[in-house]
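Below: the structure, in structure tokens.
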Amino acid sequence: MYAADRFDPFSLITGVLAIILGVLVLYDPIFSYQSMLTFLAVLAIVEGTFKLFELNGIPRSLNFYRSWWIFIGIADILFGVLLFLFPAIGMVAVGVTLAIWVLVDSLFELWLSSTLNNNNKGYYWLTIIFSLIGIIIGVFLLIRPAFAIFNVSLLLAVYLLIFGINQIVRSF
């Protein structure tokens with residue numbers, strides 16, 4: 001959410017979807033990779049679509065680079081579509097795929113936080129903390145992809161819960 005007086009349903013929906021998936025992954029660690037990748041594909045497409053729809057709601061006073069917002073929105077959508085079209089590749093490369101997604105999204109959120117500094121200090125610091133945690137998880141997954149494959153459920157659940165909480169906070 002970028003205007004203090006508006007409710008953002010897109011962030012709320014994305015946050016709730018992320019938390020639902022995070023809880024499901026924690027509840028059943030043997031959760032099928034295929035099901036997980038399908039849900040991740042939906043989440044990525046929904047998040048990317050919402051970013052593109054949100055674009056008009058971002059005040060120009062934030063000195064925000066709209067082209068980057070469009071690029072990340074399209075990248076999220078493409079990531080989701082690729083997971084739908086090629087689930088076997090996603091299953092083989094789950095560690096690297098998730099690492100790149102977590103890292104890119106967390107770096108983007110960290111970059112975005114700089115535009116929030118003057119608007120909402122609490123959300124600004126929450127976004128920085130959650131983004132740094134996401135960056136640490138993303139780098140760790142890139143360095144140790146085998147670890148990611150064996151422990152993807154726990155790491156994914158932690159990231160999705162953090163991301164979901166951040167999105168819900170943003171919506172209000």
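Just so you know, these numbers use all the heavy atoms, side chains as well, and skip hydrogens, waters and symmetry mates.
Expressed to the nearest 0.5 Å, how far CG of Asn166 lies from CG of Leu126 amounts to 5.0 Å. Rounding to the nearest 0.5 angstrom, the gap separating the OG1 atom in Thr38 from the CG atom in Leu83 is 8.5 Å. With rounding to the nearest 0.5 Å, the separation of CZ in Arg170 from CD in Glu54 is 6.0 Å. The line from CH2 of Trp69 to CD1 of Ile74 is 13.0 Å long, rounded to the nearest 0.5 Å. Here Phe163 contributes atom CZ and Leu17 contributes atom CG; the two are 9.5 Å apart, rounded to the nearest 0.5 Å. Here Leu107 contributes atom CG and Leu112 contributes atom CG; the two are 12.5 Å apart, rounded to the nearest 0.5 Å.
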Task: Chi angles and distances behind the side chain to side chain contact (heavy atoms under 4.5 Å, CB included) call for Val158, Ile162 - done: CA-CA 6 Å; Val158 169; Ile162 289 170; 3.9 Å; yes

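For the side-chain contact (heavy atoms from CB on, under 4.5 Å) with Leu160, the qualifying choice from Leu24, Leu43, Ile19 is Leu43, the only one to do so.
Residue Tyr159 comes nearest to Ser106 through the heavy atom pair CE1-OG, 3.9 Å, listed as atom of the first residue, atom of the second, then distance. For the residue pair Ser171 and Phe7, the shortest heavy atom distance occurs at O-CD1, 3.3 Å.
For Phe140, the ring pair (Phe, Tyr, Trp, His ring centres under 6.0 Å) partners two or more places apart in sequence, or in a different chain, are Phe147. Among residues two or more places apart in sequence or in another chain, the side-chain contact (heavy atoms from CB on, under 4.5 Å) test is passed with Ile72 by Lys51, Asp76, Val104, Asp105, Phe108. For Leu82, the side-chain contact (heavy atoms from CB on, under 4.5 Å) partners are Phe86, not counting sequence neighbours. Taking the ring pair (Phe, Tyr, Trp, His ring centres under 6.0 Å) definition, one finds that Phe84 meets it with nothing, sequence neighbours left out.
Ring geometry, Phe50 versus Phe10: the interplanar angle falls from 30° to 60°, so the pair is classed tilted.
Pairs engaging residues 125-143 under the salt bridge (Lys or Arg N to Asp or Glu O under 4.0 Å) rule: none recorded [sequence neighbours left out].
With a 4.5 Å cut-off on side-chain heavy atoms, Ile100 and Phe79 do not count as touching. For the pair Val16/Ile20, a side-chain contact is recorded, criterion being any heavy-atom separation below 4.5 Å from C-beta on.
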N/O donor-acceptor pairs under 3.5 Å from side chains in residues 127-138, not counting sequence neighbours:
{"from": "Thr127", "atom 1": "OG1", "to": "Tyr123", "atom 2": "O", "distance (Å)": "2.8"}
{"from": "Ser131", "atom 1": "OG", "to": "Leu110", "atom 2": "N", "distance (Å)": "3.3"}
{"from": "Ser131", "atom 1": "OG", "to": "Thr127", "atom 2": "O", "distance (Å)": "2.7"}

